[in-house]
Amino acid sequence: GAGVSQTPSNKVTEKGKYVELRCDPISGHTALYWYRQSLGQGPEFLIYFQGTGAADDSGLPNDRFFAVRPEGSVSTLKIQRTERGDSAVYLCASSLMSGPRNGETQYFGPGTRLLVL
Amino acid sequence: SQQGEEDPQALSIQEGENATMNCSYKTSINNLQWYRQNSGRGLVHLILIRSNEREKHSGRLRVTLDTSKKSSSLLITASRAADTASYFCATDHGGQNFVFGPGTRLSVLP
């Protein structure tokens with residue numbers, strides 16, 4: 001595709017519900033990242049995929065958060081038993097191949113704004 | 001905790017002036033990148049500087065890196081109203097992920 005797309009653009013849910021956020025990376029990009037951004041803050045790293053596998057999931061805050069990328073392209077971030085503190089913009093980014101060590105440019109999607117009531 | 005810290009947190013200048021933003025980080029890095037974010041939108045990559053480089057230029061942007069002080073600066077020359085945005089530095093963290101600072105909010109007044 002032309003760029004990274006994320007769906008939905010906005011999601012409102014109730015505390016305790018389950019949500020799934022989707023990311024479509026740029027075609028051919030093997031590296032995919034999820035971040036969470038609170039108002040007035042920088043993006044906070046959650047998880048990094050290289051292909052189908054999670055190369056680094058150290059940023060996931062707890063076991064309510066899980067992400068998959070089964071075919072090495074589209075990724076889904078899943079949040080169980082949502083809490084009000086999960087409200088944020090969830091950003092996805094992709095890069096061509098080699099990831100953080102080589103400083104490869106990340107291309108960001110517009111984000112999904114999650115509001116937990 | 002965040003690896004990068006930008007200062008100032010907010011900066012307001014007149015069109016045509018230069019804007020300088022600084023970033024400090026805590027541990028050794030392989031590279032440092034600067035990104036821009038317009039309100040309500042995703043981040044856009046501006047420039048990369050590697051740990052063995054001291055200065056890079058791209059158009060009106062100049063980035064410096066001082067690994068001994070663990071700091072970087074981003075200079076935007078001849079600023080325009082369209083440069084109004086938040087600017088973030090990002091460092092690789094052990095080469096496995098990126099860590100962003102809290103950002104500098106730049107306002108360029110016409």
Side-chain angles (χ1 to χ4, degrees), chain A residues 2-7 9-10 21 23-26 29 31-50 53-61 67 88-113, chain B residues 1-10 21 23-25 27-53 56 58 63 65 67 72 74 85-106:
Chain A
V4 179
S5 61
Q6 293 185 245
T7 55
S9 54
N10 293 280
L21 311 179
C23 172
D24 280 87
I26 292 173
H29 280 195
L32 184 146
Y33 309 80
W34 282 101
Y35 296 88
R36 178 170 67 175
Q37 186 176 26
S38 299
L39 192 63
Q41 298 296 314
E44 174 193 12
F45 169 79
L46 296 177
I47 187 169
Y48 156 51
F49 286 92
Q50 188 61 255
D56 184 347
D57 64 358
S58 63
L60 294 176
V89 176
Y90 288 81
L91 295 167
C92 175
S94 69
S95 68
L96 184 59
M97 191 181 308
S98 58
R101 186 176 299 278
N102 293 323
E104 210 166 57
T105 297
Q106 295 178 84
Y107 296 87
F108 280 81
T112 293
R113 287 157 185 75
Chain B
S1 62
Q2 289 182 321
Q3 165 87 310
E5 294 284 340
E6 292 95 338
D7 81 270
Q9 291 185 339
M21 289 158 269
C23 168
S24 60
Y25 56 93
T27 62
S28 62
I29 60 173
N30 295 294
N31 59 79
L32 184 147
Q33 301 182 45
W34 284 90
Y35 285 81
R36 182 186 71 215
Q37 185 177 37
N38 290 89
S39 180
R41 304 184 69 173
L43 283 79
V44 175
H45 179 264
L46 294 176
I47 195 166
L48 159 77
I49 188 164
R50 301 191 186 279
S51 60
N52 61 352
E53 297 174 314
K56 284 191 79 170
S58 176
V63 170
L65 179 63
T67 53
S72 173
L74 171 67
S86 291
Y87 292 82
F88 298 93
C89 68
T91 53
D92 72 297
H93 190 235
Q96 281 297 96
N97 61 68
F98 289 105
V99 180
F100 285 80
T104 293
R105 293 183 302 282
L106 174 65

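Everything quoted here is computed from the prediction, not taken from an experiment. Worth knowing before you read on, the calculation uses all heavy atoms, side chains too, and leaves out hydrogens, waters and symmetry mates. So you know, we letter chains A, B, ... as the sequences are listed, proteins then strands, and number each from 1.
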Under 4.5 Å to a heavy atom of chain B? For A:Q37 that would be side chain
Rounded to the nearest 0.5 Å, what separates atom CG in B:N31 from atom CD in A:E104? 10.5 Å
Identify which part of A:Y107 has an atom lying under 4.5 Å from any heavy atom of chain B, answering side chain, backbone, both or neither. neither
Got B:P102 and A:Q41 here, is their nearest side-chain heavy-atom distance under 4.5 Å? yes
B:Q9 versus chain A, the contacting section by heavy-atom distance below 4.5 Å: neither
Consider only side-chain N and O atoms of B:Q33 and A:Q106, and report whether a donor and an acceptor are under 3.5 Å apart. no
Under the ring-ring contact (aromatic ring centres under 6.0 Å, His included) test against B:F98, which residue among A:F45, A:Y48, A:W34, A:Y33 passes? A:Y33
Separation of B:R41 CZ from A:F108 CZ (nearest 0.5 Å): 14.5 Å
Go through B:L43, B:V44, B:L48, B:I49 and name the one with the most non-hydrogen pairs under 4.5 angstrom from chain A. B:L43
